[in-house]
Number of protein chains: 2
Amino acid sequence: MATTEQPVTKEPVNSGREAETPRVDLRTVLFTVADAKLLIALHGNREKAALPRSGPVPNESLDTTARRTIRDSTGLQEQYLEQLYTLGIREANIWSIIVGYIGLIPLSPETAALSGTTWCDVNDLPKLSDSDERVIEYALLRLRAKLGYTNIAFHLLPRSFTLTELQNAYESILGRRLDKRNFRRRVIASGILQGTNEQRREGSHRPAALYRFRAEHDPGDYLTPMWAEEA
Amino acid sequence: MATTEQPVTKEPVNSGREAETPRVDLRTVLFTVADAKLLIALHGNREKAALPRSGPVPNESLDTTARRTIRDSTGLQEQYLEQLYTLGIREANIWSIIVGYIGLIPLSPETAALSGTTWCDVNDLPKLSDSDERVIEYALLRLRAKLGYTNIAFHLLPRSFTLTELQNAYESILGRRLDKRNFRRRVIASGILQGTNEQRREGSHRPAALYRFRAEHDPGDYLTPMWAEEA
DNA sequence: GCAAAAGTGTTGTGTATACACCCATGG
DNA sequence: CCATGGGTGTATACACAACACTTTTGC
């Protein structure tokens, strides 16, 4: 049923041969936060770096493929994944349809050591292809925006964390300082946190309380309510 | 949205031969509002209906292709266009990568008369393919959500309109009534409107003032600021 | 006892909601 | 003069931003 052909008419390009077909290409922008820096996982070394990528797989959803791409190229399991944007581009004379994904992953011992993949500071990226740069640029835009109205930043932190660590993550991403009291009030009020009874002692100062977030709480995630009058 | 999972028709299909390549397919969900109903442009008749679609074109951005798809299949020029989501699906044994688009267009005299395309009430759609239904479902979700934090609804109205018409458009999309005074205060305060000095006389009651919106005012359109403290 | 980070409240300002009546017109 | 939709204001609740000091610990 899906085959109703339509008057598309425009196809001047590619004059001679049979129809050119685009290559479909998934690219994943995997973020983490370490040491107050926002990092991206890049495949290759600083000379020849690129976003982790792969082609689509029949009978597998794109989301699943993206998830596997991250796993294969980093050995890590991302905590949050979202499709970004799809763009058509010709590069090195290859026509590609690029489906961009954004992924978030906690910083952890293993996260640091990757084979074939390096973490690069977002503010100091190596030379990349135009398409990779576009995908990254958009991923950053979306990450920052989303931070405002969702709680995705939690996915960048380990299972338990202090409020200061959480705040640092926010500040790294936004590139701006936040007010401690307002931050805490807000994040507590939002109800996503669950206080453990543990503390972390570290340095000659008062120990910090550790929190988790509730698995449940990650609701619609991205809708903004509004116009929410009663009748 | 967080990882919108896609059901995948699990099938052994195509095991032996060389790599199967997906077909890329753009689909456009074009909305308008008429008579307090939210309508979608469908190609074909009620028996065999489908979303306007087309394949990608080399050296043309997907957005441009989508725009052209709308123009070709409806003869209309949409006022607002945005990419939605890309999904991989196998349907009728064809493996497709479907890129969904949402478009908004004002209701106008011409809008009514289309060749080969019909406007269907969102609440009374004919039978469509699974993929079309998914694209539409998502388009609706996004349209409603976006209405909350942007001004896209304006793109559904003709050049000049009364505040009541504008409010009706909102109510049609949201499927909910809004308070007249709050609605007006808000929309006026937002500054997107520009009062013309004309009025519309219609029926035995007080005539309504006509407004336009300023071309300029339709900024970033979809970002939500927040965490906007000073330092 | 001091350095260093953790933790804690109040106040003002703006924005969203709820709510009910008068106005201008055509017939 | 009446029916019909157009148009207007206020009081209350909540959310956000600004702002500074006390607490606990290790050394």
In terms of the angle between their ring planes, are A:Phe213 and A:Phe154 parallel, tilted or perpendicular, with boundaries placed at 30° and 60°? tilted
Are any side-chain N or O atoms of A:Gln83 and backbone N or O atoms of B:Tyr85, one a donor and one an acceptor, separated by less than 3.5 Å? no
For A:Ser131 and A:Ser129, test the side chains for any donor-to-acceptor distance below 3.5 angstrom and give the result as yes or no. yes
Is the shortest side-chain N to carboxylate O distance from B:Arg142 to B:Glu137 below 4.0 Å? no
B:Gln167 CD to D:dT8 P: how many Å, rounded? 14 Å
Calculate the interatomic distance between A:Leu178 atom CG and D:dA17 atom P; express it in whole Å. 9 Å
Base, sugar-phosphate, or nothing for A:Thr162, non-hydrogen atoms under 4.0 angstrom? nothing
Could you tell me the separation between the NZ atom of A:Lys180 and the P atom of D:dC21, rounded to a whole number of Å? 14 Å
note: B:Arg186, atom CZ; D:dT8, atom C1'; distance rounded to Å ~ 17 Å
Side chain of A:Arg181 - closest among D:dC19, C:dA6, C:dT17: D:dC19
Under 3.5 Å between N/O atoms: give me all the protein pairs with nucleotides 24-26 of chain C, atom names plus distance.
| residue | atom | partner | partner atom | Å |
| --- | --- | --- | --- | --- |
| C:dA24 | N3 | B:Arg206 | N | 3.1 |
| C:dT25 | O2 | B:Ser204 | O | 2.8 |
| C:dT25 | O2 | B:His205 | N | 3.2 |

Are A:Arg184 and A:Thr164 close enough that a side-chain donor and a side-chain acceptor fall under 3.5 Å? yes
For B:Ala66 versus B:Leu81, what's the shortest heavy-atom pair and its separation? CB-CD2, 4.0 Å
Closest nucleotide of DNA chain D for B:Arg184 versus for A:Arg185: which of these residues is on the 5' side? B:Arg184
Nearest whole Å is fine: how far is C:dG7 P from A:Leu166 CG? 12 Å
CD of A:Glu165 versus P of C:dG7: gap in Å, rounded? 11 Å
Could you tell me whether A:Phe161 and A:Tyr211 have their ring centroids closer than 6.0 angstrom? no
So what does B:Ala209 touch, heavy atoms closer than 4.0 Å: a base, only the sugar-phosphate, or nothing? sugar-phosphate
CG of A:Asn182 versus P of D:dC19: gap in Å, rounded? 11 Å
Return the value, rounded to whole Å, for the distance between atom CD1 of B:Ile188 and atom C1' of C:dT15. 17 Å
Can you tell me whether the side chain of A:Arg200 and the base of C:dA6 have a donor-acceptor pair closer than 3.5 Å? no
